[in-house]
Structure formats: C-alpha cells, structure tokens
Asker: 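I have a structure I would like to understand better, so I am pasting it below and will then ask my questions one at a time.
Letters go in sequence order (proteins before strands), and every chain restarts at 1.
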Number of protein chains: 2
Amino acid sequence: MKLSKKSDYAIRALIYLSMNYQKGAVQIKEISAKERIPQKFLENILLTLRKAGVLNSKMGLRGGYELARSPDLIRLGDVIRALDGTIAPVNCVSQMSYEPCSEELTCVIRGVMMDIRNAITDVLDTMTFADMCKRAKDSIEKRENSSLSYVI
Amino acid sequence: MKLSKKSDYAIRALIYLSMNYQKGAVQIKEISAKERIPQKFLENILLTLRKAGVLNSKMGLRGGYELARSPDLIRLGDVIRALDGTIAPVNCVSQMSYEPCSEELTCVIRGVMMDIRNAITDVLDTMTFADMCKRAKDSIEKRENSSLSYVI
DNA sequence: CACAAATTCTACCATACTGATAGACATTCA
DNA sequence: TGAATGTCTATCAGTATGGTAGAATTTGTG
C-alpha cells in the first residue's frame, strides 16, 4: 500500500508542468534538475504519461513536454492508474482489471475492499492538478521569510 | 496498492477462528484444509499474528491457535498492519513508520496522501472480525439452496 | 545539407519483495 | 517414549521496483 517512486516523481513533474501550463514545451532536463529526479528514470515516466494521454510531446530541437489539457482536467487518479496500474486492493473490486473471485457469492473480503477502493478513488479522482498547484502556492506564501528554495 | 496474499489468507483464517471462538484451539492443518491455504505458508502467517498479539497458541499434542480476544476487539487494520506493515501510502503520513520528508514544509503530496491514509484507516479500523463474521453468515443465509460448500 | 538538441525505444541490471517450501527443533500429552 | 503439534531458520523461483546505457528517430537552425 505504498505510493511508488514512479508515481511520486510523476506527481512532482506534473505539478511542475502545471505551474508552467501554456508557456510552451518544457524539457526533461529542466524538470529533472529542478525536481531532483534521475533524468533517465523521468524519461520513462513522462513517456508513459504521454501514452496515457496526459502529456503531449514535441521531438527534436526545442522539443519537450506539456500538459495535454488544463490542470483542472487532470486528476491525481489518472496519473496513479497510468503508472502503478489498478488502484483497487483486490482485483474483484477493480474497475480497471476486474476478475471475479472464485467464491464471489460469499466473498466477505470483497465487500470491505470495495469500501476501501471507493474511499481511495474518492480522494484521487476529486483532486486535480489545479488543486495541487493551489495547495503548493499557498504553502509557499505562508513562509515568506524562509530560506528554502522552491520545491514541491 | 494491492492486498497481499498474506493478508488475504490471514483474514480468511481469522474469520474461520472467529467462527470457532471459545471452542478451544484449532489446528493449522484444519484451517489450511478448510480454507485451502498452503499449510506451511499459513504457519508463518499465524506465527506473525501471534507475535502481534492477535492470536494465542498452544504447542504440542492437542495444541493449536485461538483468538487472543473477542472478535469484536480485533480490527481488520490490526491484521493488515501486522502482515503488510504500514498502511499509509507514504511514510511522511504514516503513524507506524513515520519519517519526515525532506521538503516537509511544502510537501503538497503529503497533504493528499494524508487524506487517503485517513480514508483507508477509517474503513480498516472500524471493521472488526465480529462484523466480518456477521457479513459472512448473512451471505450464507441468503443462498439457502446453493450447492456450494461453506467458503468464506 | 549537416549538425545539434531533443524525444523514443530497447535492453539491461541490482536489489528487494512475494508466495511458497523444507527440514530441524521444541513442547506437550497420552 | 513417541506422536502430534507449534517454532524457527533457511532456501527458492518469480516478479516488481528503481535505475542506467545507448542507439535510433525527429526536428529546428545555420
């Protein structure tokens, strides 16, 4: 039940890209440096997000990545599903990779896990990157005199 | 974000033991056979649960396992924590294995993950094995004429 | 055209975790 | 004493995680 590094990095990268929405393509190198994410690893992550339709990319000189749509239309759940796969704790309650359990009629565990899945997806599919950006900005404003550099 | 086989088996075993609460020690062999759980694997699981204080054991002839306390005092969360470790999606929101994240002041992800942890533990720490037993019995009563044998 | 800058793709690697098995050891009771 | 039971340690195959390397492809610009 742990958020993978992949998802963690993806979220940070997407917050960064949300902050730079509609300012043109941003290069992997820049995100990697600013967010301190291993560059080659980040490459894989952004590629996955592009294939999931969350990002658009431009190859070649002056290429880079940008959000495929406005930050308020990208849900946290979209990202975690793309990178970590299904969210549900057991497959028999998964919307993404559903498969009936062998004792479906009497599976008590199923019922509880359904509750948990709903609780998790409730949070993940309500929270957008616009929300997360706002949270980030708020938390920066709160500490005017801090010496820390800008970090998500 | 997937329930491990360990926890899955543990839950089934504990429901079985809850059904037999105060009827004396039940042997691994019996649970393993009735719930179709690999015996040697189940041994490890029950041992862990005993060390976590959920079960009592008796060695030797006529030995076995039984609940350390009444089923309504054993929460689902106790079990999953014992077997899968911490429940929180990131350590900086974990009660069990808390460690501050390097950018704590401004960590936006932290806030969201805290919401998720609370949502999960809400379900897990409310649900007891007495509840789960009741659910199981209800679901059995519903299908009077089914040919399926008793299975959790 | 040629080159540099960027993404894309394929492959690889070390480590840890998962699910499971094996066998020796300790304890209890008849 | 010996059979039945839990306890402990070790091992193992398979898979996931986190990360790296390098060649191939695309694109803008001089």
Asker: To the nearest Å, how far apart are L49(B) CG and dG6(D) C1'?
Answerer: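 Interatomic distance, CG of L49(B) to C1' of dG6(D): 14 Å.
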Asker: Determine whether the side chains of Y16(B) and E30(B) contain a donor N or O and an acceptor N or O closer than 3.5 Å.
Answerer: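 Yes, E30(B) and Y16(B) have a side-chain donor paired with an acceptor closer than 3.5 Å.
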Asker: Could you work out which one of dT7(D), dG18(D), dG19(C) sits closest to the side chain of S4(B)?
Answerer: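 Between dT7(D), dG18(D), dG19(C), the one nearest the side chain of S4(B) would be dG19(C).
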Asker: Quick one: F41(A) CZ to dA14(C) C1', roughly how many Å, whole number?
Answerer: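 Value for this atom pair: 14 Å.
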Asker: Just to be sure I understand the rule, does L46(B) reach a base, reach only the sugar-phosphate, or reach nothing, if contact means heavy atoms closer than 4.0 Å?
Answerer: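 Counting heavy atoms under 4.0 Å across all strands, no contact is made by L46(B).
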Asker: Before accepting this row, confirm whether a basic side-chain N of the pair K5(B)/D84(B) lies closer than 4.0 Å to the acidic partner's carboxylate O.
Answerer: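 No salt bridge links K5(B) with D84(B).
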Asker: Which nucleotide in the list dA20(C), dG19(D), dA30(C) gets nearest to the side chain of P38(B)?
Answerer: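 Closest of the options to the side chain of P38(B): dA20(C).
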Asker: Atom CD of Q39(B) to atom C1' of dA4(D): distance rounded to whole Å?
Answerer: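 The distance from CD of Q39(B) to C1' of dA4(D) comes to 12 Å, rounded to the nearest Å.
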Asker: Considering only NZ, NE, NH1 and NH2 on the basic side and carboxylate oxygens on the acidic side, decide whether D8(B) and R36(B) come within less than 4.0 Å.
Answerer: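 Looking at D8(B) and R36(B), the cut-off is not met.
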Asker: State whether K29(A) places a side-chain N or O below 4.0 Å from either non-bridging phosphate oxygen (OP1 or OP2) of dA6(C).
Answerer: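 Affirmative; the distance criterion is met.
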Asker: Measuring to OP1 and OP2 of dT7(D), would you say a side-chain N or O of S57(B) lies under 4.0 angstrom away?
Answerer: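 Answer is yes, contact under 4.0 Å.
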Asker: Is a salt bridge present between D122(B) and R75(B), judged by a nitrogen-to-oxygen distance below 4.0 Å?
Answerer: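 A salt bridge is absent here (no side-chain N lies under 4.0 Å from a carboxylate O).
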Asker: Between dT15(D) and K5(B), is there an OP1 or OP2 to side-chain N/O distance shorter than 4.0 Å?
Answerer: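 K5(B) to dT15(D) OP1/OP2: no side-chain N or O under 4.0 Å.
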Asker: How close or far is atom P of dT7(C) from atom CG of N56(A), stated in whole angstroms?
Answerer: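 One finds 14 Å between P of dT7(C) and CG of N56(A), rounded.
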Asker: To the nearest angstrom, how far is I28(B) atom CD1 from dC8(D) atom P?
Answerer: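 Taking atom P of dC8(D) as the reference, CD1 of I28(B) is at 12 Å.
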Asker: For the pair made of CD1 in I80(A) and P in dT17(D), what is the distance, rounded to whole Å?
Answerer: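 Distance, rounded to whole Å: 13 Å.
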Asker: Just N and O in the side chain of R62(A): are any of them under 4.0 Å from OP1 or OP2 of dT29(D)?
Answerer: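 True: R62(A) side-chain N/O within range (under 4.0 Å) of dT29(D) OP1/OP2.
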Asker: For R69(A) and L73(A), indicate whether the former's side chain and the latter's backbone hold a donor-acceptor pair under 3.5 Å.
Answerer: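 Here the side-chain-to-backbone pair exists.
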Asker: Could you tell me the separation between the CG atom of L47(B) and the P atom of dT5(D), rounded to a whole number of Å?
Answerer: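 Result: 17 Å.
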Asker: Can you name the atoms? Protein N/O to nucleotides 22-28 of chain C N/O, anything below 3.5 Å, with the distance.
Answerer:
residue, atom, partner, partner atom, Å
dG23(C), N7, K40(B), NZ, 3.4
dG23(C), O6, K40(B), NZ, 2.4
dT28(C), O2, L61(B), N, 3.2

Asker: Expressed in angstrom and rounded to an integer, what is the separation of Y65(A) atom OH from dA5(C) atom C1'?
Answerer: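 Atom OH in Y65(A) sits about 14 Å away from atom C1' in dA5(C).
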Asker: Does dT8(C) have OP1 or OP2 under 4.0 Å away from a side-chain N or O of R50(A)?
Answerer: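 Answer is yes, contact under 4.0 Å.
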Asker: Before accepting this row, confirm whether a basic side-chain N of the pair K134(A)/D131(A) lies closer than 4.0 Å to the acidic partner's carboxylate O.
Answerer: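 Here K134(A) does not pair with D131(A) in a salt bridge, since their nearest N and O are not under 4.0 Å apart.
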Asker: Run L3(A) and M113(B) through side chain to side chain contact (heavy atoms under 4.5 Å, CB included) and show every step you take.
Answerer: CA-CA 9 Å; L3(A) 190 72; M113(B) 292 305 142; 4.0 Å; yes
